[in-house]
Trainee: 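Let me begin by handing over the structure; questions about it come next.
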2 protein chains.
Amino acid sequence: MPELNLGLLLFIPYRAMETAVVADLARHGHHLSIAQARVFQRIGPDGIRPSELAEATQLTKQTLGSILDQLEKAGYVARTPDPADGRARVVTITRRGQELVDLSLPVVEEMERAWTEHLGPERTRQLREVLVDLREITDPFLD
Amino acid sequence: MPELNLGLLLFIPYRAMETAVVADLARHGHHLSIAQARVFQRIGPDGIRPSELAEATQLTKQTLGSILDQLEKAGYVARTPDPADGRARVVTITRRGQELVDLSLPVVEEMERAWTEHLGPERTRQLREVLVDLREITDPFLD
DNA sequence: TCACGATAGTCCGAAGTTCGGACTATATTG
DNA sequence: CAATATAGTCCGAACTTCGGACTATCGTGA
């Protein structure tokens, strides 16, 4: 077993989590693509501007716009004009989109539970703490 | 700052690493796409079969085949018949492909160094250890 | 106050990615 | 040795992504 680099080691469990969530959503009739899910999970309860979303997901504005089109068409998000800036819009989660959040949460929790069982509570806590710390130097969307 | 789920927290630094490597390769004239890079990084020194690669990367055989076509065309990998199985092939890294490995290594090391500086050596060591442990329950390609 | 550079978002078209389905060839198994 | 499984390929369609060009609005400095 060769020594994998830290990046790939991070990607493996991420992919496991993502796959589990998307598969569960599909079982409940919500067929999101990976691209759609990656965008959707970045939308918080307060909404977010498309350009911020583009930065957070590291997609271009065009790509993001196309994915938002789909999410909007499927009824998961809404785009409303930003009252504070005539050029901008705000993306928010609709009631139907909230279903995705509500369905995802238990899946994420179950997987985190499985990880905690394997690693032990202390090391799991440390993992989260380290990753949060790491955001300070790796997340392009921190302001 | 809302509490992000563990999956997303893992993805953020992964993406940072991936971006840094691909950007550096491009600076040296090697223009790999993200998809190509994700496949390439899974090829070890002993070579690997396309079907194993497909499983590891969670791509279908067709998608993987298409990406291998590109990597082969660009001269980074070679596909040779598997002497042990007439149906199979073995994907190996060519001399030109080895350049990618040699260029990537210092970039990965530099980023790991930056992370270590931020986190401290002990917590970085723990991070790697925890992630390696986690593979046991999250990596579809462990045999 | 207003011209001008910066920013938010969109439209268009091309290239790259991904997959489902169907297929051939080889291996394994009972 | 027939039946089934596995390795890989071809084809075509849908999705993803981006570069370039564009409009509208904002912010700023003279």
Side-chain angles (χ1 to χ4, degrees), chain A residues 11 15 18-19 22-23 25-26 30-43 47-74 76-92 140-141 143, chain B residues 11 15 18-19 22-23 25-26 30-43 47-74 76-92 140-141 143:
Chain A
F11 186 59
R15 194 71 198 257
E18 179 176 74
T19 303
V22 169
L25 290 178
H30 296 290
H31 297 275
L32 272 74
S33 70
I34 297 287
Q36 289 167 1
R38 282 186 186 168
V39 167
F40 185 86
Q41 72 178 338
R42 291 285 195 154
I43 307 171
I48 186 171
R49 302 224 292 221
S51 54
E52 294 175 311
L53 217 33
E55 191 187 7
T57 56
Q58 298 193 24
L59 297 172
T60 59
K61 292 183 295 176
Q62 302 95 303
T63 299
L64 192 88
S66 139
I67 292 179
L68 286 180
D69 286 346
Q70 303 159 17
L71 288 173
E72 193 170 37
K73 198 173 195 178
Y76 297 124
V77 307
R79 276 184 282 200
T80 53
D82 185 340
D85 187 332
R87 298 165 298 179
R89 311 240 238 154
V90 181
V91 180
T92 53
F141 182 62
D143 30 273
Chain B
F11 186 60
R15 193 71 196 258
E18 179 175 74
T19 304
V22 169
L25 290 179
H30 297 290
H31 297 275
L32 270 72
S33 69
I34 296 288
Q36 289 166 3
R38 284 187 184 166
V39 167
F40 185 85
Q41 73 178 336
R42 292 285 195 153
I43 307 171
I48 186 173
R49 301 225 289 223
S51 54
E52 294 175 311
L53 217 34
E55 190 187 7
T57 55
Q58 296 192 19
L59 297 172
T60 60
K61 291 182 298 176
Q62 301 93 305
T63 300
L64 191 88
S66 139
I67 293 179
L68 286 180
D69 286 346
Q70 301 158 20
L71 288 173
E72 193 170 36
K73 198 172 194 178
Y76 297 124
V77 306
R79 277 185 280 202
T80 54
D82 185 341
D85 186 333
R87 299 165 301 179
R89 311 241 236 154
V90 181
V91 180
T92 52
F141 183 61
D143 29 89

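Numbers restart at 1 for each chain; the letters A, B, ... are given by sequence-line order, proteins then strands.
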Trainee: Just checking T63(A): base, sugar-phosphate only, or nothing, at a heavy-atom cut-off of under 4.0 Å?
Mentor: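 Since a base atom lies under 4.0 Å of T63(A), the category is base.
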
Trainee: Between A84(A) and G65(B), which is nearer to the 5' end of DNA chain D once each is assigned its nearest nucleotide?
Mentor: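 Looking at DNA chain D, the more 5' nearest nucleotide goes with G65(B).
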
Trainee: Starting at atom CG of L53(A), determine the distance to atom P of dT10(C), rounded to an integer number of angstrom.
Mentor: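 Computing the L53(A):CG to dT10(C):P distance gives 12 Å.
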
Trainee: Are R38(A) and E18(A) close enough for a salt bridge, meaning some N to O gap below 4.0 Å?
Mentor: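 Judged by the 4.0 Å cut-off on N to carboxylate O distance, R38(A) and E18(A) do form a salt bridge.
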
Trainee: Does the plane of the ring in F11(B) sit parallel, tilted or perpendicular to the ring in F11(A)? Use 30° and 60° as the thresholds.
Mentor: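 Judged by the thresholds at 30° and 60°, the geometry between F11(B) and F11(A) is tilted.
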
Trainee: Rounded to whole Å, how long is the line connecting atom CG of L68(B) with atom C1' of dT9(D)?
Mentor: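 The answer, rounded to whole Å, is 12 Å.
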
Trainee: Contact class for S33(A) vs. all strands (heavy atom < 4.0 Å): base, sugar-phosphate, or nothing?
Mentor: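 If one applies the 4.0 Å heavy-atom cut-off, S33(A) turns out to touch the sugar-phosphate alone, with no base involved.
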
Trainee: About how many Å separate CD1 of I43(A) and OH of Y76(A), when rounded to the nearest 0.5 Å?
Mentor: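 It comes to 12.5 Å.
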
Trainee: Answer yes or no: does a side-chain N or O of R89(A) lie under 4.0 Å from OP1 or OP2 of dT10(C)?
Mentor: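 The answer is yes; a side-chain N or O of R89(A) sits under 4.0 Å from OP1 or OP2.
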
Trainee: Round to a whole Å and report the spacing from CG of L64(A) to P of dC11(C).
Mentor: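 Whole-Å distance recorded here is 14 Å.
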
Trainee: Between atom CD1 in I67(B) and atom C1' in dC19(C), what is the gap in whole Å?
Mentor: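 Roughly 12 Å, once rounded to whole Å.
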
Trainee: H31(A) NE2 to dC19(C) C1': how many Å, rounded?
Mentor: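 To the nearest whole Å, that distance equals 15 Å.
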
Trainee: Examine distances only and state if a side-chain atom of E72(A) and a backbone atom of R79(A) form a donor-acceptor pair shorter than 3.5 Å.
Mentor: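 Answer holds: yes.
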
Trainee: Can you check whether Q70(B) has a side-chain N or O nearer than 4.0 Å to OP1 or OP2 of dT17(C)?
Mentor: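 Yes, because at least one side-chain N or O of Q70(B) sits under 4.0 Å from OP1 or OP2 of dT17(C).
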
Trainee: Taking the side chain of Q62(A) as its heavy atoms from C-beta onward, which of dC18(D), dA8(C), dG20(C) lies nearest to it?
Mentor: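 Out of dC18(D), dA8(C), dG20(C), the nucleotide with an atom closest to Q62(A)'s side chain is dC18(D).
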
Trainee: Rounded to the nearest Å, what distance is computed from the CG atom of residue D82(A) to the P atom of nucleotide dT7(C)?
Mentor: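 Taking atom P of dT7(C) as the reference, CG of D82(A) is at 17 Å.
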
Trainee: Strictly below 4.0 Å: does R49(B) bring a side-chain N or O up to OP1 or OP2 of dA7(D)?
Mentor: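 Checking dA7(D) against R49(B), a side-chain N or O does come within under 4.0 Å of OP1 or OP2.
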
Trainee: Once you round to the nearest 0.5 Å, how far does CD of E52(B) lie from OG1 of T57(B)?
Mentor: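 If I round to the nearest 0.5 Å, the distance is 11.5 Å.
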
Trainee: Rounded to the nearest 0.5 Å, how far does CG of L64(A) lie from CZ of R42(A)?
Mentor: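 It comes to 11.5 Å.
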
Trainee: Reckon R79(B) touches a base, only the sugar-phosphate, or nothing at all at heavy-atom distances under 4.0 Å?
Mentor: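 Sugar-phosphate: the residue R79(B), judged by heavy atoms under 4.0 Å, touches backbone atoms but no base.
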
Trainee: Need to verify one output field. Residue with the more 5' nearest nucleotide on DNA chain C, G86(B) or T60(B)?
Mentor: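 Nearest-nucleotide comparison on DNA chain C picks T60(B).
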
Trainee: With the side chain of R87(A) defined as its heavy atoms from C-beta on, choose the nearest nucleotide among dT26(C), dC11(D), dA6(C).
Mentor: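 Nearest to the side chain of R87(A) among the choices is dA6(C).
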
Trainee: Looking at dA8(C), dG21(C), dT16(D), which one has an atom nearest to any side-chain atom of K61(A)?
Mentor: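 Of all the options, the side chain of K61(A) is nearest to dA8(C).
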
Trainee: Specify the separation, in whole Å, of atom CG of D69(A) and atom P of dC15(D).
Mentor: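 Result: 13 Å.
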
Trainee: What's D85(A) touching, base or sugar-phosphate or nothing? Going by heavy atoms closer than 4.0 Å.
Mentor: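 Sugar-phosphate contact only - D85(A) comes under 4.0 Å of backbone atoms but never of a base.
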
Trainee: Between atom CD1 in I48(B) and atom C1' in dA7(D), what is the gap in whole Å?
Mentor: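 Atom-to-atom, I48(B) to dA7(D), this comes out as 14 Å.
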
Trainee: Given that L59(B) and P50(A) both sit by DNA chain C, which one's nearest nucleotide is further toward the 5' end?
Mentor: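 The answer here is P50(A).
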
Trainee: Ignoring backbone atoms, test whether S66(B) places a side-chain nitrogen or oxygen under 4.0 Å from the OP1 or OP2 oxygen of dT17(C).
Mentor: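 Looking at the OP1 and OP2 atoms of dT17(C), neither is under 4.0 Å from any side-chain N or O of S66(B).
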
